[in-house]
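Remember, predicted model here, so these are calculated numbers, not experimental data.
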Amino acid sequence: MTLRIGTFDGGPDSLDHEATWLLGHTQHIAFGALRRRGEELLVDALLHVRCRYLALLGAGRASCRAHGFEGPVPGPAAVTPSPRQLGGDRFAIVEQGQLVERRLLFPRSSLPVLEPTTNPCATAPCTTADHKRGAACCRDLQVEILCSKTDATLEALIRSRLSPYLCKITREGEDALEAETISACAYLDGGGRTCSLHGRLRNDGRPAKPDLCTEWPPKGKGLHPGCVFRPGKG
C-alpha cells in the first residue's frame, strides 16, 4: 500500500518531523523509499498484519473462515530489518523528504535542565487495544492509505486485517482511507518505554524528536488507559 505523509506547505523541511515519526514505526510495517508526487510526500509500505479470517486448527493446519479453504499454516513473512538507532549517537531520520543517517547530540549546557528533557510518558502504565502496557502513544498510530473507490481489491484486503493491529478504517475521500494501526516505534530504547531521540537536536538546532511526540494533549484528554494525562493522573 501507499501512505500519504503530508504536503510540503511550509517548505522542503516541513515534513521532516512527521515523516521521521511515521517511518519510525517499523514493528509491523516495512517501508520503501520516500517519494514526492507534486507537493505531497508518499511512501510505499508493506503491512505485516494477518487476515482476521485466518483460523489456526492446530498441528500446523489453518483454514479460511470466509471461504472455507484449508491448508498448512502460512509461514511468517520475511521482514527486512529497518533500524532507526544505528549505534551511539547515530540515527536514521528524515531530512527534506529523504531518509538519511545523522549524528544527533544532546545540547551542551553549563546548567542543569529539567525540562523538556524529562519525559512524562517514560514510565506511564498506558495500554493499547492489544492490552500491551507501556509507551502506548509510541505504538498506536493513524495512517492515511491511498486507495481509490475503484480499487475494490485493495480496500477489501485492508478491511480484512486483524483488529486491533489494523482497525477503525474509514473512507475520508475519493482516493484515501484512514486507519489505526499498532506498530511499535524503533526509536524506543531496549526496554520499550523511553525514546532514544528525547532531548537530542538536529544539526540545524531543531529537536530530533518529532514535534508531535512532545505536544502533550490537554489535561484529561489522553486516549489510552493509564495515560499520565488522564483525569486524576497527577
Side-chain angles (χ1 to χ4, degrees), residues 1-10 14-32 34-35 37 39-52 82 84 93-94 97 99 119 121 124 126-149 151 154-188 192 195 197 207 209-218 220-230:
M1 61 187 183
T2 299
L3 305 181
R4 177 159 46 206
I5 298 171
T7 58
F8 291 95
D9 295 331
S14 59
L15 291 175
D16 286 357
H17 276 155
E18 191 166 351
T20 297
W21 171 82
L22 177 61
L23 267 66
H25 291 83
T26 60
Q27 182 187 21
H28 297 301
I29 306 175
F31 294 98
L34 289 158
R35 55 188 173 89
R37 186 182 69 177
E39 290 303 305
E40 295 179 326
L41 183 61
L42 310 177
V43 63
D44 292 327
L46 181 62
L47 186 66
H48 295 281
V49 175
R50 71 174 178 86
C51 179
R52 61 191 174 96
S82 301
R84 298 295 181 252
I93 62 172
V94 176
L99 188 66
N119 182 357
C121 294
C126 47
T127 59
T128 40
D130 61 348
H131 308 299
K132 185 170 182 178
R133 291 169 62 92
C137 284
C138 301
R139 302 180 62 246
D140 196 347
L141 66 154
Q142 284 72 46
V143 293
E144 185 178 10
I145 304 169
L146 292 189
C147 176
S148 70
K149 279 189 171 182
D151 197 341
L154 176 59
E155 184 163 352
L157 286 171
I158 292 170
R159 291 186 181 275
S160 67
R161 297 305 93 193
L162 182 67
S163 177
Y165 296 97
L166 184 67
C167 63
K168 300 180 183 178
I169 301 162
T170 59
R171 177 161 290 284
E172 297 299 319
E174 293 289 329
D175 70 337
L177 298 169
E178 288 192 1
E180 183 176 301
T181 186
I182 294 177
S183 183
C185 181
Y187 294 112
L188 291 174
C195 179
L197 294 182
K209 189 170 184 175
D211 47 12
L212 75 167
C213 296
T214 46
E215 293 176 355
W216 314 115
K221 298 296 184 181
L223 300 178
H224 298 106
C227 178
V228 295
F229 295 103
R230 290 177 68 87

Residues in ring pair (Phe, Tyr, Trp, His ring centres under 6.0 Å) with H17, at least two apart?
-> none

By salt bridge (Lys or Arg N to Asp or Glu O under 4.0 Å) - contacts of E172 (at least two apart) | none

Nearest 0.5 Å please: distance from the CG atom of L177 over to the CG atom of L154.
-> 7.5 Å

By ring pair (Phe, Tyr, Trp, His ring centres under 6.0 Å), which residues pair with Y165, not counting sequence neighbours?
-> H28

Test side chain to side chain contact (heavy atoms under 4.5 Å, CB included) applied to R37 - qualifying residues, sequence neighbours left out | R4, E40, L42, L146, D175

For E174, check side chain to side chain contact (heavy atoms under 4.5 Å, CB included) against everything at least two apart and list the hits.
-> K149

Pairing residues for T20 by the side chain to side chain donor-acceptor pair (under 3.5 Å) criterion, not counting sequence neighbours | R202

With sequence neighbours left out, write down each residue that passes side chain to side chain donor-acceptor pair (under 3.5 Å) with T7, or none if nothing qualifies.
-> D9

Residues in side chain to side chain contact (heavy atoms under 4.5 Å, CB included) with L22, at least two apart?
-> L3, I5, F31, V43, L141, V143

Sequence neighbours excluded, which residues qualify as side chain to side chain contact (heavy atoms under 4.5 Å, CB included) partners of D44?
-> T2, R35

Partner set under salt bridge (Lys or Arg N to Asp or Glu O under 4.0 Å) for R159, not counting sequence neighbours = E155

Does R171 use its side chain to pair, donor to acceptor, with the backbone of C147 at less than 3.5 Å?
-> yes

Under the side chain to side chain donor-acceptor pair (under 3.5 Å) rule, collect the residues that match up with T128, sequence neighbours excluded.
-> D130, R139

With sequence neighbours left out, the residues meeting side chain to side chain donor-acceptor pair (under 3.5 Å) with S82 are none

Output the distance between atom CD1 (I29) and atom CE (M1), rounded to the nearest 0.5 Å.
-> 5.5 Å

